[in-house]
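Below you'll find the structure, written out as structure tokens, and then a few comments.
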Amino acid sequence: MANGEFGLERELKIIKSGIRSVFTPHIPVDEIQHFFGREEEATRLVSVINSPGQHILVYGDRGVGKTSLAKTTCKVLLHRIQRGLFFEKSCDSNDCFSTVFEEPLEKSGIDFSFKERTQTHNESGGAGINLGMAKADVTSKREVKTTTSAIFKPNSPSWVANQLKDMSGVFLIDEADSIQSNEDKKKISELIKLLSDCNSDFKLVVVGIAKTGEELTAGHPSVERCLKEVSLQRMCNDDLKKIILNGMKSLSLIPDDYVVNKIVDISAGYPHFTHLISLKCGEYAISNNERHITRNTLKVALSEAVKDSEGALKRMFDTTLRALNKPAEYKLLLLTAAYCKSPEFRSAELREKLNSKFGVNIDSQSLSRRLTLLTKGDKLTILEKPARGCFQFTDPRMPSFLKMALNSDDNEI
Ligand SMILES: Nc1ncnc2c1ncn2[C@@H]1O[C@H](COP(=O)(O)OP(=O)(O)OP(=O)(O)O)[C@@H](O)[C@H]1O
Ligand SMILES: [Mg+2]
């Protein structure tokens, strides 16, 4: 076998190089040396957390770098300026208000495993029971039987605020959009308001996928004053370039300018794709004992990157093409749409692009018909129509995926 048994020789070379901790497409960055750009947002986050009574909400599209921004800045902040505890909770659809705060509550001394305890002791011995406990005494002549039961109200924002307000630290609540109930989201907002009112040093950083901050706070009105918002947009090309160049340099790899520009172009502001393609380029070069990353390396890397892409994107692309009569035609159409400047495009713009890039002439009615077909179906479709005559990709990361999948198919643009 060329790369040793089951590719082990190749794997060993790659592991030894350390490339998988430099380019990390599937995990957020949490160390300053791998974190690029976002100066303005990081500065705002630090200053808000350091301002009495203020908490922060970070929102934006899927995959723009929300968790990386929140994690890296919190870690740096706690390390260099504030001393305090750091808690992190990644929410899922099963979470509600009471489950979100379990860890900090436990740290504050709440023992959730404790429900009820019965103690027997003689009359003179008084049981010292702490806050949060109810006491029922059953007295006999010689003995006192004391049943203590815990009064926990993890569902109540004011009870939770009371337990947490004297702690110092930061609590990162990630994937807040996964919390299903608006009631629970509202309760988080209420808690923020209560912590803010008592000037607590326990700060919340709420992070989630959303178009507006309101989606994550369920429109709670009075929280606005104490919950500052950071809307995270896609990364700019210069910062994406920094990810590639710094990473490659640390691995002693030399990418051609063409490769760097192409990776930036395909990424379209999404650092995930920058990491993914750079990783695949680097892995290929390292396993072949090469230092230069050339156009040919990129070609192999793109098809590897497609194999490693998120299942949801791959499935949507495959099922869309499988359902069509002339998939090659639609591939070209989708690839051209992926190169449209703004997320929303009109069929006239696409028509013009098809002509200038590929010399393809198509009448406007047939093009509109084809585009509309891509918005129709029982399941989630690859395109949607936000307004009459306007189209956009349902998943904003789809253009990057298409550029990877179709460029590696030899459709060089
Ligand atoms: N500032 C940055 N510098 C370098 N790499 C970054 C930066 N921000 C994000 N990344 C990389 O981009 C990818 C996506 O980042 P991250 O997981 O933080 O995004 P997200 O918005 O939280 O995604 P999701 O919506 O899926 O939770 C990761 O591979 C991460 O390593
Ligand atoms: Mg995230």
Side-chain angles (χ1 to χ4, degrees), residues 18-46 56-77 88-93 95 100 171-179 205-213 215-216 229-251 260 263-264 266-283 301 305 308-314 394-398 400-401 404:
I19 190 172
R20 288 183 184 153
S21 51
V22 173
F23 294 121
T24 55
H26 305 294
I27 43 175
V29 171
D30 64 355
E31 283 172 4
I32 194 83
Q33 76 263 32
H34 297 308
F35 184 80
F36 298 98
R38 307 297 199 195
E39 284 89 6
E40 211 177 291
E41 292 90 345
T43 307
R44 180 161 155 80
L45 218 136
V46 168
I56 200 145
L57 178 77
V58 180
Y59 68 92
D61 273 346
R62 178 179 294 288
V64 285
K66 302 175 295 297
T67 307
S68 301
L69 169 75
K71 267 188 148 174
T72 312
T73 40
C74 287
K75 268 178 107 175
V76 171
L77 177 76
E88 194 184 347
K89 164 82 185 169
S90 220
C91 304
D92 63 40
S93 57
D95 276 306
V100 170
F171 184 22
L172 169 58
I173 305 176
D174 202 359
E175 318 273 349
D177 51 291
S178 307
I179 301 172
V205 177
V206 183
V207 177
I209 299 167
K211 291 260 174 285
T212 66
E215 283 175 41
L216 297 176
E229 294 182 0
V230 171
S231 147
L232 206 58
Q233 304 299 321
R234 298 182 192 195
M235 279 179 88
C236 69
N237 288 350
D238 281 349
D239 292 336
L240 294 178
K241 235 179 205 172
K242 285 183 201 155
I243 298 178
I244 307 169
L245 294 176
N246 281 282
M248 294 287 183
K249 195 171 165 207
S250 73
L251 297 158
V260 176
I263 298 176
V264 168
I266 293 175
S267 300
Y270 287 103
H272 162 76
F273 293 103
T274 314
H275 278 260
L276 179 63
I277 306 169
S278 301
L279 175 69
K280 295 299 165 190
C281 283
E283 283 185 352
D308 248 18
S309 285
E310 202 179 296
L313 291 169
K314 264 198 294 203
T394 322
D395 189 321
R397 300 163 306 162
M398 187 54 90
S400 298
F401 176 81
M404 285 196 320

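Along the sequence shown, residues carry numbers from 1. For ligands, and for the atoms within them, numbers begin at 1 and follow the listed sequence. No hydrogens, no waters, no symmetry mates; every other heavy atom, side chains included, goes into these values.
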Task: For A210 against Y59, the heavy-atom pair lying closest together - done: O-CD1, 3.5 Å
What I want to find out is whether [X] reaches [Y] closely enough, with some N-O distance under 4.0 Å, to be called a salt bridge.
{"X": "R44", "Y": "E41", "answer": "no"}
{"X": "E283", "Y": "R20", "answer": "yes"}
{"X": "D238", "Y": "K241", "answer": "no"}

Open item on the list: Using a 6.0 Å cut-off, check whether atom CD of E40 has over 12 heavy atoms from anything other than its own residue.
Closed with: no
Name the closest protein heavy atom to [atom], giving the residue it belongs to and the distance to 0.1 Å.
{"atom": "atom 30 (C) of ligand 1", "result": "I27 O, 3.5 Å"}
{"atom": "atom 1 (N) of ligand 1", "result": "F36 O, 2.8 Å"}
{"atom": "atom 22 (O) of ligand 1", "result": "T67 OG1, 2.7 Å"}
{"atom": "atom 20 (P) of ligand 1", "result": "K66 N, 3.5 Å"}

Open item on the list: Between ligand 1 and G63, can you find any atom pair, the residue atom being a heavy atom, that is separated by under 4.0 Å?
Closed with: yes
Which ligand 1 atoms, with their elements, are less than 4.0 angstrom from a heavy-atom of [X]?
{"X": "T24", "value": "28 (C), 29 (O), 31 (O)"}
{"X": "H34", "value": "3 (N), 4 (C)"}
{"X": "V64", "value": "21 (O)"}
{"X": "I209", "value": "25 (O)"}
{"X": "S68", "value": "8 (N), 9 (C), 10 (N), 15 (O), 16 (P), 18 (O), 30 (C)"}

Task: R397 side chain to R62 backbone, donor-acceptor under 3.5 Å - done: no
Using a heavy-atom cut-off of under 4.0 Å, does the side chain or the backbone of [X] touch ligand 1, or both, or neither?
{"X": "H275", "value": "side chain"}
{"X": "I243", "value": "side chain"}
{"X": "E175", "value": "side chain"}

Task: Validation row: M398, L313 side chains within 4.5 angstrom (heavy atoms) - done: yes
Task: Polar contact flag, side-chain donor to acceptor under 3.5 angstrom, S90-E88 - done: no
Task: Any N, O or S atom of T67 closer than 2.8 Å to the Mg ion (ligand 2) - done: yes
